[in-house]
Structure formats: C-alpha cells, structure tokens
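Below is one structure; the comments refer to it alone.
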Amino acid sequence: MRLTRYFLPVLKETPAEATIASHRLMLRAGMIRQSSAGIYSWLPLGFKVLRRLEQIVHEEQQKAGHIPMLMPTLQSADLWRESGRYEDYGQEMLRITDRHDRDMLYGPTNEELITDIFRNSVASYKELPLTLYHIQWKFRDEVRPRFGVMRGREFLMKDGYNFDLTKEDALHAYNRHLVSYLRTYERMGLKAIPMRADGGPIGGDYTHEFLVLADTGESEVFYDSEVTDLTFGDREIDFDNVAECQGVLEEFTSRYARTDETHDEALFNEVPEDRRRTARGIEVGQIFYFGTKYSDAMNAAVSSPDGGKVPVHMGSHGIGVSRLVGALIEANHDENGIIWPESVAPFKVGIVNLRQGDGAADAACESLYGQLMAAGLDPLYDDRDERAGGKFATMDLIGVPWRITVGPRGLQNGVVELTSRRTGETEEMSPEAALAKVTEIYAGL
Ligand code: P5A
C-alpha cells in the first residue's frame, strides 16, 4: 500500500477521553473511531489487524477439528424464553421489537440459537462429537463501556459450542479448547494464563478464563508465579488424543491461578510465599462446561447406544477478538506508539523514502516495494512529500515491526537501513540483503 493512497487519519493530539494506552493509540493511529458509547467503526488499519486475528483464530480452531459457520446477530426472544435467560439477562440485553411486534434481541452470546439448530438437525449419537463455532459481532449493553474496544457494547467474539454424548466426551472438548486457545494466544505473541473463574450468566461451575497480565486489566487475579513460566511452544498435539489433551490441561491448570470471583485465600496461602502474586489481568477468553443446562431446557436430545433419548452434554468457548486488539497493544507499546508482534502486524514492512522526488531514491523505493509485494510481505510505502521526522513518527505510531529507510546518500554507497521497531536497532545493508532478511523473519508466520 502507498500511504498517499491509503486512509490513515492519525491524530497529533492525545484524545482526552482515552485513559489507557491501547485506547489512546488506537485512536491516534487511526485504527478506530467511536460511533457512540462502546460502539466503534474499524478504520482500515484497525480492520486489517482484526482480520488477521480472525484468521489465526480460524486456523487454530480448524486444526482442533472445530467447524466454522455463521449465525446472525439478531435473534428471536422466544428461544431465550425457553432457556429462561430472556428474563435473567437483565439490562445487558438489547431488546428490539420488529414491525410485527415480535420480540427480538441483539445476541450477547449464542447458546440458545446453536442448541435450536442442533436439536432440529441431529437425532443420533452417531453424529457426535460435534463442535461448531463462528466469529460474529455481539452486543452487551454494558453499564460502563470503557477503555475503547476493551469493554465495548458491540464487540467481536469467536464463540464455539460442543455437543457430546457423555460428560467425559464434553470434558475432552473442553480440554481441546484449552489447548487450541493456548496455541492461538501464543501465535499472537501473547501470554494468556488460564485461571479458574465463575460461570456467570453462561452457567456451569467448571470454567477457566484466559488472562493477559496488565496493570490496566479489569480483573483482579491471584496466582502462583510458576504459571507465568509455562509455554505451549511448537510441540505437536493430537487433538483426538484424550490423554494428551488432559495432560496439557493438568500442566497449565494444576498450579494456583484464580480470578477474584473464585479466589480462595486458604488455598492461596498454601503456595510458597515468594511465589504468591496478586495482579490485574485482561480477560481475552473463557471456556465453559455446563453439561445439560441448555439441552435439558430446550430438549436437545439424541438417541443413545443403549436405546432411548439422552440430553447432550455441552460447553461453550469464547475468544474476545476485538478486545484482543486492545490487549495486544497494552502488552506491546512504548512512548512512540504501537509495536506489533510480527504475527499480527497490519503491515509487515514499512518503506520510508527520505527524499521523495529524488530519482534514485524513488526508483529504489519502487523496486523494493514491488519485490516486497511479490514476496507477500505487505509493505506500507510512505511516499508522501514530508520530512523524514514525520515519516518515522508515523511508522513508529502505527507499529510496523520493520522499517526500510531509503535515501540518496545511502544509495550512493549501495545501502539502505533496516530498523527494528521493537529494539530500535538499525543496520545498513544492500536493498537485496534487507529484502532477504525480512523474508526470513516472516517465513512461517
Ligand atoms: C463463551 C462463548 C461467553 O459468552 N458464550 C459463547 C460464552 N463467554 S464470555 O466470557 O462472556 O465472553 C467471551 C469473551 O468475550 C470477550 N468479551 C468482551 N469483549 C469486549 N467487550 C465486551 N463488553 C466483552 N464482553 C466479553 C471477553 O474476552 C470474553 O472472555
């Protein structure tokens, strides 16, 4: 993309309404604009990151054997009357009446809708196990929407639902989700720690939240510092292997790690004192096993191998996709702006032309631009007629991980500069060497 042809409305001033770094930087970098409280437009740069996160989520879900689909945002109230949640959900639910006076709602989650689809299409245990998911906008009329996309009213969620014959099978689905979530967050360059939590309005008493530690997080958490040393890494996993998935769950959840909803001071005090930590965290996902809560209420049953009908065991599993954009920035920024991890960067490489209009500089930039495009490295070429300082500031603000700086003086010696946004380190090298180096960095991401 050439910057002169892009839409990147960066702000010079820090918006007064933004109190945390991610909110401030998303506004300043031209990623989002508020449309009304807790509701945002995603401008091109923000949309690119959002799409990239969705792509990672899709890939990891499908590796785990989960099947993508798409449900609508608007739902009929009748389904929610069946489960009893139409009344229970209270003011967080946005209720709408259509022209025929039918009660509708903007879905805050989809347990009822998916259970309805399931019960109308699946009759036999032979069609299980089944896990369906989608990535769709949700609406929760939060009392206090704040921190930009972190606590929005309209937000993007990946939500998945498993249907199983037995509790044992459903717990395997739970474990599979835990493993796939660990992989998903790590691929995004985030450390998200599973912690025992509370079922809240979704239900069930077996649930883990995934928390990214950050001072600006809204949840208070208590944990054994050893949990922060755990990583899934690039190990191979067979998602159908019950023992293997159970092993990962045990490895990642056997140490003390809880949100304040389930915190148990006596148990916490059994952790050696030097490892006890209290901190704040951003909840970027949550997995639930709630058994037959919805299948009982909505009569979602299948024929069992022993004959007769049995209600299916279910769980639901969510990732806060739009919140993750904020969480990623909270974890990756400095005083000059965002520092995207390579795996989620909206543009992989920036090209800064120090002297727009100079024949040699323009030609070298065009050539690099063409080659980076051809290599699939999605470059952002700052081809504006602006001072170098302004161009560097823009690249730093929007967080492009690698910058290639091209100027007439360097070109006389056959070199350009390659700069890392994260470390600030700059190396001089030939344009070919710069191209080879960034290609290598992004290989496999
Ligand atoms: C699991 C999937 C559920 O709704 N039903 C379907 C279950 N879980 S949850 O924990 O309530 O939400 C899942 C994730 O969505 C994000 N989230 C939000 N993001 C931005 N703004 C909000 N107001 C908001 N509310 C929830 C969180 O990341 C949460 O873990």
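Only a predicted model underlies this, so the values are computations on that prediction, with no experimental measurement involved. Atoms considered below: every heavy atom in the structure, side chains included; atoms not considered: hydrogens, waters and symmetry mates. Just follow the structure's listing: the first ligand is 1, and inside any ligand the first atom is 1.
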I'd like to know if the side chain of [X] pairs up with that of [Y] as donor and acceptor (distance under 3.5 Å, no hydrogens or angles considered).
| X | Y | result |
| --- | --- | --- |
| N336 | R421 | no |
| Y133 | H317 | no |
| E261 | H263 | no |
| T259 | E209 | no |

### Query
So how far is it from M31 CE to L50 CG, rounded to the nearest 0.5 Å?
8.5 Å
### Message
Give me each pair satisfying salt bridge (charged side-chain N to carboxylate O under 4.0 Å, His left out) with a member in residues 300-325, each pair once, sequence neighbours excluded.
### Response
none
### Query
If you count only heavy atoms, which residues are under 4.0 Å from ligand 1?
T109, E111, R140, E142, V149, M150, R151, G152, F155, M157, D159, Y161, I202, E283, V284, G285, Q286, F288, S316, H317, G318, G320, R323
